[in-house]
2 protein chains.
Amino acid sequence: MNKVLLIDDEERMLELLTLYLKPYPYFCRKAVGAKAGLKFVKEEKFDLILLDIMMPEMNGWEVCREIRQYSDVPIIMVTAREQKEDIVKGLKLGADDYITKPFNEEELVARMDALLRRTRPVNRIEVERLLWDEDQFELSYKKQLVKLTPKEFAIIGLLMKNPGRVFSRNQLIDLVWGMHSETEGRTVDSHVRNMREKIREVGFPIDDYFHTVWGVGYKWIRK
Amino acid sequence: MNKVLLIDDEERMLELLTLYLKPYPYFCRKAVGAKAGLKFVKEEKFDLILLDIMMPEMNGWEVCREIRQYSDVPIIMVTAREQKEDIVKGLKLGADDYITKPFNEEELVARMDALLRRTRPVNRIEVERLLWDEDQFELSYKKQLVKLTPKEFAIIGLLMKNPGRVFSRNQLIDLVWGMHSETEGRTVDSHVRNMREKIREVGFPIDDYFHTVWGVGYKWIRK
DNA sequence: AATTAATTTGAAATATTTTAAAAACTGCAC
DNA sequence: GTGCAGTTTTTAAAATATTTCAAATTAATT
């Protein structure tokens with residue numbers, strides 16, 4: 001069951017959307033107006049957001065831009081009519097898709113399904129019997145569990161999901177801790193050290209995979 | 001003995017279905033027409049519904065959609081002929097299977113049995129002589145009863161049914177209390193503590209199974 | 001050899017979980 | 001309705017685990 005946030009200033013539209021989505025595996029939460037919407041986004045985790053562009057206090061683009069400062073949640077913009085300008089602007093600000101009013105049930109659901117399908121996050125990845133599993137929050141090598149802390153788990157997951165790519169300490173801080181974190185770059189080193197040690201203990205050749213890129217950062221070797 | 005609701009506007013068809021199902025462990029209730037059907041669904045609990053699509057007052061899809069707003073009861077749609085569009089639409093609205101007229105006894109029963117088999121909810125689960133039984137609302141270890149409160153019972157049941165998977169406090173609140181609950185995450189901790197203590201008392205090694213995942217939530221270990 | 005960066009180390013600062021106990025709530029019997 | 005018993009929720013303190021940071025050490029680069 002996917003959690004969807006509907007943001008619109010018109011209650012009628014919120015009701016209509018809820019009604020449309022009722023038969024589908026979507027659980028809707030309704031936010032009346034931009035401010036209420038932003039509040040919801042900060043407090044809860046959603047799988048998708050349907051965001052109306054035309055709202056009085058703050059328009060949909062501003063809401064979209066603000067959300068994108070701290071979240072990658074998929075967003076579909078709802079526009080009154082086919083206005084190319086609007087659409088381009090919306091997508092540039094980070095929206096993932098758009099739909100024009102009036103729309104029918106099938107189109108709405110089809111776009112939502114498609115967006116979720118293409119943005120579904122990777123939550124399991126395996127390399128040479130080293131398995132990173134986000135659902136279980138476990139890293140294991142040949143069935144032996146490696147007990148990692150949340151930060152260690154997040155760091156190795158990010159690197160494994162992006163093999164070959166170097167991440168600087170600051171990038172890691174932005175991605176793992178979240179932007180606006182004040183954490184020092186050296187802190188990453190500590191976590192890396194602890195993590196390497198724990199993984200080494202179970203016998204996985206971590207040093208063949210998790211490399212330091214001198215003067216730049218860290219990367220997971222693509223084999 | 002499974003309780004089945006037959007919804008059709010033709011009495012002849014209701015009789016035919018009842019006749020077919022007579023030799024099998026199904027107890028049939030007949031509803032003539034959509035309205036009567038919906039009334040039954042609201043008043044009684046059924047294990048399965050056989051729903052005709054072509055009915056005068058309100059067609060089967062509408063009935064299906066309405067039922068799905070408040071119930072997950074398995075539904076098999078009965079369609080006059082193989083119409084792909086109809087079937088797709090019906091299944092999207094939440095029906096679980098369909099059967100086309102004319103059908104024979106074997107096919108009907110086979111589909112009903114199969115549907116019941118795959119939708120039967122887990123209501124009993126046992127791990128190392130710790131038995132969680134939803135029908136009796138009892139948890140016991142080697143026949144000794146553990147007296148749990150409803151919340152405690154629901155939490156351990158959910159975790160046992162999903163071994164290996166971590167649930168965050170918020171997820172647990174959504175799933176056990178229901179979305180839109182205002183309950184604090186810390187409340188979960190209290191229930192967990194009380195539950196652990198009660199289970200520990202009867203001698204089950206609960207700490208080997210029910211783990212805290214630091215910074216994330218709780219999980220039941222898959223052994 | 002000098003310089004710069006990474007790693008190790010350990011201890012302090014933070015965060016999270018557990019424990020415990022009190023307060024609020026609920027359903028039921030009277 | 002009122003009171004009661006059991007349940008649920010809240011709160012605060014204690015116990016644990018993680019995260020951070022800075023200093024000392026080691027390694028790589030020029």
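Atoms considered below: every heavy atom in the structure, side chains included; atoms not considered: hydrogens, waters and symmetry mates. Here is how names work: the chains are called A, B, and so on, in the same order as the sequence lines, proteins then strands, and each is numbered from 1.
- Residues meeting the side chain to side chain donor-acceptor pair (under 3.5 Å) test with A/S140, sequence neighbours left out: none.
- Sequence neighbours left out, the pairs with a member in residues 170-190 of chain A that pass ring pair (Phe, Tyr, Trp, His ring centres under 6.0 Å) are A/W177-A/H191.
- Protein atom CD1 of B/I206 is 15 Å distant from nucleotide atom C1' of C/dT18, rounded to whole Å.
- Scanning for ring pair (Phe, Tyr, Trp, His ring centres under 6.0 Å) contacts around A/Y141 gives A/F204, with sequence neighbours left out.
- Residues satisfying the side chain to side chain donor-acceptor pair (under 3.5 Å) test with A/R68, not counting sequence neighbours, are A/D96.
- In this view, B/F46 satisfies the ring pair (Phe, Tyr, Trp, His ring centres under 6.0 Å) rule with no residue, not counting sequence neighbours.
- Among residues two or more places apart in sequence or in another chain, the side chain to side chain donor-acceptor pair (under 3.5 Å) test is passed with A/R129 by none.
- Using a 4.0 Å cut-off on heavy atoms, none of the residues of residues 158-170 of chain B approach DNA chain D.
- In this structure, B/R193 has no side chain to side chain donor-acceptor pair (under 3.5 Å) partners at least two apart in sequence or on a different chain.
- Among the atoms of the strands shown, none is found under 4.0 Å from any heavy atom of A/F153.
- Residues meeting the ring pair (Phe, Tyr, Trp, His ring centres under 6.0 Å) test with A/Y20, sequence neighbours left out: none.
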Which parts of nucleotides 17-30 of chain D does protein reach within less than 4.0 Å, heavy atoms only, written one letter per nucleotide 5' to 3' as B for base, S for sugar-phosphate only and - for none? SSSBB------SS-
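- Using a cutoff of 4.0 Å between basic side-chain nitrogens and carboxylate oxygens, B/K30 and B/D8 are not scored as salt-bridged.
- In terms of phosphate contacts, B/Y218 brings no side-chain nitrogen or oxygen within less than 4.0 Å of OP1 or OP2 of C/dT16.
- Listed by chain and residue number, B/W132, B/F137 satisfy the ring pair (Phe, Tyr, Trp, His ring centres under 6.0 Å) test with B/F153 (two or more places apart in sequence, or in another chain).
- Comparing the helix axis at one end of the helix from C/dA1-D/dT30 to C/dC30-D/dG1 with that at the other, each defined from 5 consecutive pairs, gives an inter-axis angle of 30° (nearest 10°).
- The shortest distance between the side-chain N/O atoms of A/R193 and the OP1/OP2 oxygens of C/dA6 is not below 4.0 Å.
- At whole-Å resolution of the value, CZ in A/R196 and C1' in C/dT9 are 16 Å apart.
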